[in-house]
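Every chain is numbered from 1 and lettered A, B, ... according to where its sequence line falls, protein lines coming before strand lines.
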Amino acid sequence: KNEVEQSPQNLTAQEGEFITINCSYSVGISALHWLQQHPGGGIVSLFMLSSGKKKHGRLIATINIQEKHSSLHITASHPRDSAVYICAATGTASKLTFGTGTRLQVTL
Amino acid sequence: DTGVSQNPRHKITKRGQNVTFRCDPISEHNRLYWYRQTLGQGPEFLTYFQNEAQLEKSRLLSDRFSAERPKGSFSTLEIQRTEQGDSAMYLCASSSGGYNEQFFGPGTRLTVL
């Protein structure tokens, strides 16, 4: 069992839909990261959070420490949101432990 | 551009050859990380440095792999006697401290024939 698990693995949505990607982790963490990866490999950090909720534009990330669960929400999705979204955890060491990613395709 | 850079971006080599990759972190960042990502999977941790000291190495890092950060700035990752299973994207990231946001480079895609 992977220490960080994401669902769903693949997600197709129509433009404008509200999207939720879930992440569960089984270890104690100091922070939870949401990352975006476009074709070609480049990874961009979207959020780093250790409690509560953060919002940036149409993206919202939440974390529940007691339940070891985090969600990434995208409001009013757009085709340019199509990418792989990766959840990663920082434990007692500062290295990241990654989930396998959620491949999102937003269609017109 | 002051982001993390990696060279080369692509490397094709024959099995048994040695390859070396370079990562230049954001200049004031003291932490540097190497990760490996195979197709369809999330990245996996390989090793990381604080300044020039290599603080942790993954069990994934066999004896054929070696990483250095001699002056606490750029880092190199060398793979000796490459195998087809080494084919992957090698990602470098840097941060300004242990639990701060990590900034990723574009990666080096290695193909071993």
Side-chain angles (χ1 to χ4, degrees), chain A residues 1-10 21-51 54 56 61 63 70 72 83-105, chain B residues 1 3-6 8-11 21 23 26 29-51 53-61 67 87-111:
Chain A
K1 182 170 165 42
N2 201 16
E3 293 180 341
V4 179
E5 294 201 336
Q6 288 183 238
S7 63
Q9 287 190 322
N10 295 283
I21 301 170
N22 294 301
C23 175
S24 297
Y25 52 93
S26 57
V27 295
I29 65 167
S30 58
L32 192 287
H33 304 249
W34 283 101
L35 310 165
Q36 181 190 57
Q37 186 172 32
H38 281 284
I43 292 179
V44 175
S45 176
L46 299 175
F47 296 104
M48 185 177 78
L49 65 167
S50 55
S51 65
K54 287 190 175 181
H56 184 236
I63 188 168
S70 177
L72 176 69
V84 176
Y85 292 84
I86 305 173
C87 168
T90 305
T92 51
S94 62
K95 66 186 180 187
L96 294 175
T97 301
F98 297 83
T100 53
T102 295
R103 185 175 297 277
L104 172 65
Q105 181 75 35
Chain B
D1 188 283
V4 179
S5 62
Q6 292 186 246
R9 294 291 307 277
H10 303 273
K11 179 70 177 179
F21 310 140
C23 172
I26 293 172
H29 285 182
N30 59 359
R31 291 255 175 149
L32 187 149
Y33 305 81
W34 285 100
Y35 299 97
R36 181 173 69 185
Q37 185 178 27
T38 54
L39 205 59
Q41 301 298 312
E44 296 173 297
F45 169 76
L46 292 179
T47 187
Y48 83 95
F49 294 83
Q50 177 161 308
N51 299 314
Q54 188 173 18
L55 296 188
E56 187 175 345
K57 291 167 58 174
S58 164
R59 287 171 293 177
L60 294 175
L61 217 62
S87 296
M89 176 75 85
Y90 290 82
L91 295 161
C92 175
S94 70
S95 73
S96 59
Y99 297 98
N100 293 335
E101 180 182 3
Q102 294 185 21
F103 293 83
F104 286 81
T108 294
R109 184 171 295 282
L110 173 66
T111 302

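Neither the backbone nor the side chain of A/Gln9 has a heavy atom closer than 4.5 Å to any heavy atom of chain B. Heavy atoms of B/Leu55 lying under 4.5 Å from chain A are absent altogether. The parts of A/Ser45 that come within reach of chain B are both its backbone and its side chain, each placing non-hydrogen atoms under 4.5 angstrom from that chain. B/Pro106 touches chain A through its backbone: at least one of N, CA, C or O sits under 4.5 Å from a heavy atom, while the side chain does not.
Between the side chain of B/Gln102 and the backbone N or O of A/Ser94, at least one donor-acceptor pair lies under 3.5 Å.
With a 4.5 Å cut-off on side-chain heavy atoms, A/Ile43 and B/Tyr35 do not count as touching.
Minimum heavy-atom separation, A/Thr100 to B/Gln41: CG2-OE1, 3.9 Å.
Ranked by heavy-atom pairs under 4.5 Å with chain A, the first of B/Met89, B/Glu56, B/Arg109, B/Arg9 is B/Glu56. When the candidates B/Pro43, B/Ser58, B/Gly42 are compared by the number of heavy-atom contacts under 4.5 Å with chain A, B/Pro43 comes out ahead.
Only one option out of B/Phe45, B/Tyr33, B/Phe104 pairs with A/Leu96 in a side-chain contact (heavy atoms from CB on, under 4.5 Å); it is B/Phe104.
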